[in-house]
J.: 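There's a structure below that I have some questions on.
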Number of protein chains: 2
Amino acid sequence: MHKKVLLAGLALALGAGYALTAFSQVKPEALVKQRQSAMTLQLKYFLPLALMAQGKIPYDANVVTRNTAYLDVLTKMAWDGFPESTKGVKSGALPAVYADTAKFKQAQDQLHTAVGALVAASKGGNEGAVKAAVGDVNKACGNCHDNFRAQ
Amino acid sequence: MHKKVLLAGLALALGAGYALTAFSQVKPEALVKQRQSAMTLQLKYFLPLALMAQGKIPYDANVVTRNTAYLDVLTKMAWDGFPESTKGVKSGALPAVYADTAKFKQAQDQLHTAVGALVAASKGGNEGAVKAAVGDVNKACGNCHDNFRAQ
């Protein structure tokens, strides 16, 4: 009963027929919503680290450990949300996302590398190293937003 | 430069002044957006598992492993997004979220337990056990939505 009710709700939320289609047919609007959700959560967990790195809030090693672990996973979630089918959906994505996929992929890779280094720094426990790694993640975010997202 | 530009953008996205305030002062609208983003991603990664459990799409052990690992982390993200300050923000949350916090917490715990069991089943690699665990996660989702979310 719950299962049916819930799945019906899920299908409704994602567009009629979703639950019966293959994943390649997920509605473009749902893909955009999902990729934006990933970005929203990346921001939720990255912003405190950026503020710590800038000395605007106190450094908290527990928050660093938790947030970097979350970011490690969240960083993987947005990139399947930019197929050609989403080109016409209103969002902050610039045409370059679809026109220069190699450069877009490179920008994603830069972020993965930077977040990987942040995770390693967080495990190392050196505050200076963490703050430097946070700066590199910030640069990777900014680099991609500069080129692929409307300001 | 990038850092300033990005953080300015972040502050704008979350409400003016966000970057200079403590986290307890994050705007209620931003908290709702963040918790909804977590739910959107929980759905993104849970729905394929639910469809596999119901035999509507083929079972794919790699997707099971990846999605359960993602869900393990995502399941932790929404619950700090329901403070009293968000009571007046339009969303699907029913008044019971704020009126019966103990029962709401219990519903969250039920999900944590069910997702923990799903992660264990995924590691065990037994398809039947995974499908049963998916059913229990579905029940936990449905139980909470029935009581705390407008249908």
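Convention: sequence-line order gives letters A, B, ...; per-chain numbering from 1. Atom set for the values below is all heavy atoms of this structure, side chains included, hydrogens, waters and symmetry mates excluded.
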J.: Please state whether the side chain, the backbone, both or neither of B:Asp72 comes within less than 4.5 Å of a heavy atom of chain A.
T.: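 Neither part.
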J.: Under 4.5 Å between side-chain heavy atoms, counting indirect links through other Ile/Leu/Val/Met/Phe/Trp/Tyr residues: same cluster for A:Phe104 and A:Leu94 or not?
T.: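 Different clusters: A:Phe104 never reaches A:Leu94 through Ile, Leu, Val, Met, Phe, Trp or Tyr contacts under 4.5 Å.
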J.: Verify the cluster assignment for A:Val89 and B:Leu41: are they in a single hydrophobic cluster under the rule of side-chain heavy atoms below 4.5 Å apart?
T.: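 No, it is not one cluster - the side chains of A:Val89 and B:Leu41 are not joined through contacts under 4.5 Å.
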J.: List the steps, then state whether side chain to side chain contact (heavy atoms under 4.5 Å, CB included) holds for A:Leu74 with B:Leu74.
T.: CA-CA 9 Å; A:Leu74 288 170; B:Leu74 288 169; 4.1 Å; yes
J.: Supply the atom-to-atom distance B:Arg35 CZ to A:Ser37 OG, rounded to the nearest 0.5 angstrom.
T.: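 That separation rounds to 13.5 Å.
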J.: If you compare all heavy atoms of A:Thr40 against all heavy atoms of B:Lys33, which two are closest, and at what distance to 0.1 Å?
T.: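 Nearest pair, atom of A:Thr40 first, then B:Lys33: OG1-CE, 3.4 Å.
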J.: Would you say B:Val32 and A:Met39 are hydrophobically clustered, going by side-chain heavy atoms of ILVMFWY under 4.5 Å?
T.: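 As far as the 4.5 Å side-chain criterion goes, A:Met39 and B:Val32 are not connected within one cluster.
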J.: So which atom in B:Met77 and which in A:Lys44 form the shortest heavy-atom distance, rounded to 0.1 Å?
T.: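 Heavy atoms only, the tightest pair is O-NZ, 3.0 Å.
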J.: So what's closer than 4.5 Å to chain B heavy atoms on A:Asp136: side chain, backbone, both or neither?
T.: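 Looking at A:Asp136, nothing touches chain B.
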